[in-house]
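Note: hydrogens, waters and symmetry copies are ignored here, and every other heavy atom, side chains too, is used.
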Amino acid sequence: MRPIGEDDLHALVDERLDTARRSEVEAYLAANPEARARVDRLRTLGRDLRTAFAPVATEPVPGRLNLAHIVEARRRPRLQASARQAAAAAMLLAVGGLGGWGLHGALAPAGVDALAQEASASFAVYAPDRTRPVELAANDSAELARWFSARLDRKVGVPDLSAAGFRLMGGRLVATPHGPAGLLMYDDHRGTRFVVLMRPMAEPGDAPMREHRFGSATGYAWALAGLGYSLVGAAEPAVLHPLANTIRRITTTNT
């Protein structure tokens, strides 16, 4: 039998194993409680994140983003809009700010809370990916830092966590409601992965570190000189908190 690896565990969670290989992996898990617990955490994380984001995914598209509405608005000469129409539109916009999509925006997380949610979503999408978890590999961290710095319009460094037992796998750019963000991925000798998301914040200055949890994923988010960071992984706070402190210390030194 081919040895059971981390790829097999994630393929089991994603239900991508054939019947024969699934039986082999299940037998391996029955004999290895630690691996079984890790698979259970990944399954719980996936379910929790799907539940957390399900309301957003099912929300109706705002009328102003409807394709037919956009085409019609572009065809109609702007000068045809009467003062009455303009006043009615302003009133609807004001009322809309009290409910519906406007209320959604008002209640949406902001600051490091929004950053924490974005990082957790990115972790759920990319950490289990065994084919292409990163866009740019870690063989040139300087090039990765230049790429992020150019797209974020901020000087960004790539923390070296090898002393803590984690190697840089690489990174990718991800889209967030607050603009582009840089995502770094690390793992250890057992294949345990975590991600670090960084992006400019709306407010300049610093924000204290805050713990956050989404399902079985734990994370820490903070801001330094207007640049936000969030570390997320399916590990206990005793593992992730020291790493977050290390990243904050490294980035503070390089700022």
* Asked: Is any side-chain heavy atom of Arg130 closer than 4.5 Å to a side-chain heavy atom of Arg16?
  -> yes
Check ion pair [X]-[Y] (N to O, under 4.0 angstrom):
X: Arg22; Y: Glu24; answer: no
X: Arg41; Y: Glu236; answer: no
X: Arg43; Y: Glu15; answer: no

Side chains of residues 164-173: which donor-acceptor partners sit under 3.5 Å, not counting sequence neighbours?
from   : atom 1 : to     : atom 2 : distance (Å)
Arg167 : NE     : Asp187 : OD1    : 2.8
Arg167 : NH2    : Asp187 : OD2    : 3.2
Arg172 : NE     : Pro133 : O      : 3.2
Arg172 : NH2    : Arg132 : O      : 2.8
Arg172 : NH2    : Pro133 : O      : 3.4

* Asked: Roughly how far apart are Leu184 CG and Ser122 OG, rounded to 0.5 Å?
  -> 11.5 Å
* For Arg193, what residues pass the salt bridge (Lys or Arg N to Asp or Glu O under 4.0 Å) criterion, not counting sequence neighbours? -> none
* Should Val239 and Val195 be counted in the same cluster of Ile, Leu, Val, Met, Phe, Trp and Tyr side chains packed under 4.5 Å apart? -> no
[X] and [Y]: which non-hydrogen atoms are nearest, and at how many Å?
X: Tyr229; Y: Leu227; value: OH-CD2, 3.2 Å
X: Pro237; Y: Pro242; value: O-CD, 3.8 Å
X: Ala119; Y: Leu197; value: N-CD2, 3.6 Å
X: Pro159; Y: Thr251; value: CG-CG2, 4.4 Å

* With sequence neighbours excluded, tell me which residues meet side-chain hydrogen bond (donor to acceptor under 3.5 Å, both in side chains) with Asp129. => none
* For Arg210, which residues count as a side-chain hydrogen bond (donor to acceptor under 3.5 Å, both in side chains) partner, sequence neighbours excluded? -> Asp113
* Asked: What pairs with Tyr126 under ring pair (Phe, Tyr, Trp, His ring centres under 6.0 Å), at least two apart in sequence or on another chain?
  -> none
* Asked: Which pairs pass ring-ring contact (aromatic ring centres under 6.0 Å, His included) with one or both residues in residues 134-162, sequence neighbours excluded?
  -> none
* Taking the six-membered ring for Trp, are the ring centroids of His212 and Tyr220 within less than 6.0 Å of each other? -> no
